[in-house]
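Just so we're clear, the structure is a prediction, and the values are computed from it rather than from any experiment. Values below: all heavy atoms of this structure, side chains included; hydrogens, waters and symmetry mates excluded.
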Amino acid sequence: GRGQGSGQQGAFMTVRSFDIGNAIFHFFKRFGENPGGALWIMICQTVLVGLLAAAGVALFVPVWDNLSQLIILDDAGQLSDEEAVRRVFGMLMPIMGFMPFIALAGIALALMSQAAWLRFLTRGEVKPGLPFRLGGDEFRLLGVNLLYWVLGVVIYFGFMTFFAISVVGAGVAAGGRDANVFTGAAGGLIVALIVLVLLIAVLVIAVRMACAPALTVHQSRFRFFESWTATRGVFWHMLVSYIAVAVMAFILSSIIGGFIQLAFLGALWPVLMEFITLEASGAKADPQQVIDAISNIFANPVTMGMIGLGFVLSYFMQIVWEGMWHGVAAYNAQRVGEEGSADDRTVLERDHPMGASPREG
């Protein structure tokens with residue numbers, strides 16, 4: 001018994017300490033190890049998202065021509081408000097039936113993207129061929145995200161209920177109707193302190209539960225409450241890592257986003273100049289002119305190419321930021337679950353209040 005315990009203790013000591021720098025740049029470290037795999041995931045994700053967006057746009061293309069004519073007729077006073085509303089609903093209703101399918105496709109794509117990146121970040125794995133699948137990882141992540149949603153709803157209603165009770169209690173404590181400026185200030189201070197405590201509690205829960213998706217993919221087992229134990233002792237490390245990633249994302253997105261916005265502005269500049277010229281001459285653009293200007297944008301291949309390039313660069317940038325964000329939790333999941341560490345912090349035993357961790361699936 002003693003030998004076994006000593007062996008477990010020695011194995012536990014092999015767990016690496018949390019390195020904030022490695023957590024912040026974990027995405028780039030993985031990228032450097034397999035840049036081809038990372039770029040392949042990025043390209044596939046961008047193409048699939050583009051196809052899904054194109055499908056959504058294609059549904060509305062027939063509506064655009066009808067809506068354009070409707071705007072012209074309405075501006076000419078040939079339609080009543082009731083008739084205009086009826087025609088708009090008549091144009092939109094046929095495509096509403098397709099929206100649930102697009103929404104489901106979007107959810108499936110989000111799960112496949114999350115799983116693909118977490119496999120890459122936690123295990124360095126890129127599935128052969130198309131890296132996006134609908135398998136065990138994705139369905140387990142669906143369960144994790146549903147529990148996130150349930151937890152968010154519980155926290156929201158708990159926050160609002162406790163806040164309402166606190167406001168009433170603070171008002172009573174401050175003197176109710178007989179309150180003066182001092183008791184009113186005291187009541188406001190009490191409410192502010194309560195809100196601060198609640199926000200800190202929400203922040204703690206968010207950070208402590210952040211590793212659930214990464215643990216689920218890394219261990220190929222459903223993991224949720226295990227995130228709380230996996231982040232024990234490294235809360236501040238993870239919080240600092242997330243703050244650093246957020247600051248880096250803000251700075252880089254401001255710089256790179258500025259160049260992308262310039263590309264968009266360059267693409268739309270001819271149309272903007274047309275409207276500026278009309279405004280300067282005192283002429284009022286009629287609906288037909290506005291519609292023609294917008295149609296010219298979509299008819300110009302150079303303009304559409306610049307807009308498309310801007311969207312691709314923007315989405316690539318978003319993928320990088322999300323990869324950096326997921327990288328913090330992925331680093332911690334890999335750290336506590338390294339082979340040979342015998343670290344049991346990510347596995348709940350039978351006597352745990354939340355029950356034992358699933359051994360399979």
Under a single-linkage definition using a 4.5 Å side-chain heavy-atom cutoff for Ile, Leu, Val, Met, Phe, Trp and Tyr, are [X] and [Y] assigned to the same hydrophobic cluster?
| X | Y | value |
| --- | --- | --- |
| L109 | L104 | no |
| F225 | M238 | yes |
| L151 | L146 | no |
| I107 | V150 | no |
| L48 | F101 | no |

Is there a side chain to side chain contact (heavy atoms under 4.5 Å, CB included) between L313 and F311 once you walk through the steps? CA-CA 5 Å; L313 293 177; F311 276 118; over 6 Å; no
Practice item. Determine the interplanar angle of the F31 and F27 rings, folded into 0 to 90°, and report it as parallel if under 30°, tilted if 30 to 60°, perpendicular if over 60°. Key: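 Judged by the thresholds at 30° and 60°, the geometry between F31 and F27 is tilted.
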Give the ring-plane orientation class for W325 versus Y242, where under 30° counts as parallel, over 60° as perpendicular and anything between as tilted.
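Ring orientation, 0 to 90° scale: tilted.
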Please name the pair of heavy atoms, one in [X] and one in [Y], separated by the smallest distance, quoted to 0.1 Å.
| X | Y | result |
| --- | --- | --- |
| V126 | G37 | CG2-CA, 4.0 Å |
| A249 | S253 | O-OG, 2.6 Å |
| A330 | L121 | CB-CB, 3.6 Å |
| G32 | P35 | O-CD, 3.6 Å |
| G143 | F222 | C-CE1, 3.7 Å |
| A230 | V336 | O-CG1, 3.9 Å |

For residues [X] and [Y], determine if any side-chain heavy atom of one lies less than 4.5 Å from a side-chain heavy atom of the other.
| X | Y | result |
| --- | --- | --- |
| F316 | V312 | yes |
| P131 | F120 | no |
| L111 | F139 | no |
| Q114 | N145 | yes |
| Q334 | R30 | yes |
| F28 | M324 | yes |
| D19 | H237 | no |
| F224 | T216 | no |

Once rounded to the nearest 0.5 Å, what's the spacing between atom [atom1] of [X] and atom [atom2] of [Y]?
| X | Y | atom1 | atom2 | value |
| --- | --- | --- | --- | --- |
| M112 | L141 | CE | CG | 12.0 Å |
| S113 | I41 | OG | CD1 | 9.5 Å |
| C211 | H218 | SG | NE2 | 11.5 Å |
| T46 | L39 | OG1 | CG | 10.0 Å |
| N22 | H26 | CG | NE2 | 9.0 Å |
| T122 | N332 | OG1 | CG | 12.0 Å |

Which is it for F25 and M248 under the side chain to side chain contact (heavy atoms under 4.5 Å, CB included) test, yes or no, and what are the steps along the way? CA-CA 11 Å; F25 295 102; M248 290 173 59; 3.7 Å; yes
Exercise. Would Y315 and Q45 satisfy side chain to side chain contact (heavy atoms under 4.5 Å, CB included), going step by step from the backbone distance to the final call?
Worked result: CA-CA 9 Å; Y315 195 68; Q45 182 176 346; 3.0 Å; yes
| Test side chain to side chain contact (heavy atoms under 4.5 Å, CB included) applied to R335 and V234, step by step | CA-CA 11 Å; R335 181 187 69 89; V234 296; 3.6 Å; yes
Any chance you could lay out the salt bridge (charged side-chain N to carboxylate O under 4.0 Å, His left out) test for E138 and R140, step after step, and finish with the verdict? CA-CA 5 Å; E138 289 75 16; R140 284 186 287 265; over 6 Å; no
So, does W117 use its side chain to make a donor-acceptor pair with the main chain of A38 at under 3.5 Å?
no
Can you check whether L130's main-chain N or O pairs, donor with acceptor, with R133's side chain at less than 3.5 Å?
yes
Around F235, counting heavy atoms of other residues, nucleotides and ligands shown, do more than 12 lie under 6.0 Å from its CZ?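 Yes, the 6.0 Å shell around CZ holds more than 12 heavy atoms from other groups.
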Can you confirm whether more than 12 heavy atoms, excluding those of Y148, are under 6.0 Å from its OH atom?
yes
inquiry  = Assess the residue pair T231 and R208 against the criterion (side chain to side chain donor-acceptor pair (under 3.5 Å)); give the C-alpha distance rounded to whole Å, side-chain angles, the decisive distance to 0.1 Å, and a yes or no.
reply    = CA-CA 6 Å; T231 54; R208 294 297 299 271; 2.6 Å; yes
R123 with D137: basic N within carboxylate O range, under 4.0 Å: yes
